[in-house]
Amino acid sequence: MISWNTMLCGYASNQRSAAAKELFQKMPLRNLSAWNAMLSAESSLANAVAFFEVFPERDMITWTAMLTWYVHSRHMLDAERMFDQMPARDLITWSAMLAGYSRLGNADSARRVFDSMPQHNIVTFNEMLSAYAQAGHVESAEALFRRMPLQDHVSWNSMLAAHTQSGRIAEAKTMFDNMPLHTLVSWNTMLSGYAQAGHTEQARWIFRAMAYCSLVTWNAMLSAYTLFGCVKEASEIFQSSPAKDLLTWTALLSAYCQAGHLEYAKVLFDKMPERDLQSWTALAAAYARHGYLEDAHSLVSSMPAQDVVSHTAVFSALSQSGNLEAAKVLFDQIPIRNEVTWTAMVAAYAQNGHLAQAGRLFAAMPEKDLVSWRTMLLGLAENERPRKALEGFHGVKLAGFSPR
RNA sequence: CUAGUGAUCCUGGAGUCG
């Protein structure tokens with residue numbers, strides 16, 4: 001029984017869901033542990049939901065595994081629903097919820113969960129740390145890092161990533177040099193930190209210096225090139241990488257898209273062994289950005305699902321095409337909007353000289369970030385409203401951003 | 001650090017300026 005379950009988990013961690021299913025069905029008898037392992041090994045949220053429905057019995061692990069499916073799919077409302085419905089919760093259940101808000105960069109909700117949970121352990125501290133990092137609150141992350149009762153390699157790596165992801169590459173380097181232990185993740189973090197900061201040479205150097213690497217390493221090196229439109233180098237990395245996953249393919253796809261090689265992009269897209277929302281969006285956005293709005297629309301309508309990003313990608317291309325009327329119509333039609341969507345609409349109004357409309361929309365935005373402020377202020381400045389722009393500049397500080 | 005199921009760290013898609 002134990003060895004069956006061990007094999008099942010092996011498939012689960014290799015994402016070999018079909019093999020897991022086959023094994024599960026061949027098992028002479030299946031206990032609850034086997035069912036739970038199979039739940040985690042499912043291939044998609046939809047399959048997991050269906051499988052969860054047919055469980056003969058459920059324990060806390062079953063519920064938490066299902067909740068984790070929702071968390072990984074970023075469906076926090078469903079996760080909350082699970083959390084409320086389940087008969088009992090333990091620290092891991094709480095921790096899974098915290099992880100969900102952490103990934104979304106929602107530091108307030110994360111903090112609320114963190115403060116409500118019955119106890120803390122190293123994992124929950126790490127999750128809260130990472131929530132601050134994700135939200136860009138590096139100082140809070142540092143404070144927590146120092147305050148935690150002990151730090152393990154995950155804490156160090158999270159803190160390291162907090163620095164690289166906020167562009168503090170010098171601090172990251174110092175931290176890296178002073179860490180008690182370097183794991184593969186630490187190396188990968190530094191590699192992609194240099195890559196994102198545009199220090200491609202340094203990234204390359206690390207890549208060569210690494211004794212062991214993983215698919216993540218290859219993908220990080222790939223995106224060091226795709227980020228800056230180096231199609232040639234990117235495809236060389238792609239060719240030489242020993243394994244490829246969805247991220248590998250999508251990274252190369254977006255390199256082609258960025259460089260405007262739409263025909264290559266399409267060929268690659270058709271060759272991809274699997275696609276998800278992000279790969280669909282990359283191609284659709286490229287079509288839209290290069291003026292092929294029809295193709296973008298037809299691609300989008302054949303997509304299996306849509307989210308804020310895919311909607312916004314097509315919308316923002318339309319809003320930049322000069323057709324303000326069509327943009328207004330689409331803006332109202334989009335089922336989900338976020339600050340990016342709103343900002344695109346504000347920019348479109350401003351660029352067409354409709355400052356009053358832009359201002360009204362800006363005031364009505366549910367969330368404003370630094371980019372939205374900059375868009376509004378530059379809109380005012382470019383339309384020769386220096387005084388209003390200055391007033392707005394004051395508002396940026398009031399909103400708690402540091403203006404640049 | 002070494003025997004079975006659930007939680008935390010690194011890689012891909014959209015907006016402004018650059």
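Naming convention: chains lettered A, B, ... in sequence-line order (proteins, then strands); numbering from 1 in each chain. Quantities reported herein were computed from a predicted structural model and do not represent experimental measurements.
When each of A:Y70, A:W63, A:W69 is checked for a ring pair (Phe, Tyr, Trp, His ring centres under 6.0 Å) with A:F52, only A:W63 meets the rule.
Checked against B:rG6, B:rC9, B:rG4, the side chain of A:T68 finds its nearest nucleotide in B:rG6. Closest approach to the A:S316 side chain among B:rG15, B:rG4, B:rG12 is made by B:rG15 (side chain taken as heavy atoms from C-beta onward). Closest contact between the side chain of A:T375 and the listed nucleotides B:rU8, B:rU16, B:rG4 involves B:rU16. Which of B:rG12, B:rA7, B:rG6 sits closest to the side chain of A:L246 comes down to B:rG12.
Residue-level contact check: A:Q351 touches neither bases nor backbone, having no heavy atom under 4.0 Å from any strand. Using a 4.0 Å heavy-atom criterion, one finds that A:T189 contacts the sugar-phosphate atoms exclusively. A:D90 comes within 4.0 angstrom of a nucleotide base, judged by non-hydrogen atoms across all strands. At a threshold of 4.0 angstrom between heavy atoms, the contacts of A:S158 are confined to the sugar-phosphate backbone, with no base atom among them. At a threshold of 4.0 angstrom between heavy atoms, the contacts of A:H72 are confined to the sugar-phosphate backbone, with no base atom among them. Among the atoms of the strands shown, none is found under 4.0 Å from any heavy atom of A:T217. The residue A:N338 sits close to a base: some heavy atom pair falls under 4.0 Å. Residue-level contact check: A:L184 touches neither bases nor backbone, having no heavy atom under 4.0 Å from any strand. Residue contacts for A:R337: at a heavy-atom cut-off of 4.0 Å it reaches no nucleic acid atom on any strand shown.
By the 4.0 Å N-to-carboxylate-O rule, A:R112 lies too far from A:D108 to be salt-bridged with it. A salt bridge links A:R81 with A:D78: the distance from a Lys NZ or Arg NE/NH1/NH2 to an Asp or Glu carboxylate oxygen falls below 4.0 Å. Look at A:D332 and A:K328 and you find no salt bridge, because none of the NZ, NE, NH1 or NH2 atoms lies under 4.0 Å from a carboxylate O. A salt bridge links A:R168 and A:E139; the closest N-O separation between the charged side-chain nitrogens and carboxylate oxygens is under 4.0 Å.
Here the C1' atom of nucleotide B:rG15 and the CD atom of A:Q258 are 15 Å apart, to the nearest Å. One atom, CE of A:M175, and another, P of B:rC10, lie 14 Å apart when rounded to the nearest Å. Protein atom CG of A:L318 is 14 Å distant from nucleotide atom C1' of B:rA14, rounded to whole Å.
For the OP1/OP2 pair of B:rC9 and a distance below 4.0 Å, the side-chain nitrogens and oxygens of A:H163 include no atom meeting the criterion.
Side-chain to base pairing of A:T64 with B:rG6: one donor and one acceptor N or O lie within less than 3.5 Å of each other. One donor-acceptor pair, N or O on each side, does fall under 3.5 Å between the base of B:rG13 and the side chain of A:D307. With hydrogens and angles left out, the side chain of A:D276 and the base of B:rG13 share no donor-acceptor pair within 3.5 Å.
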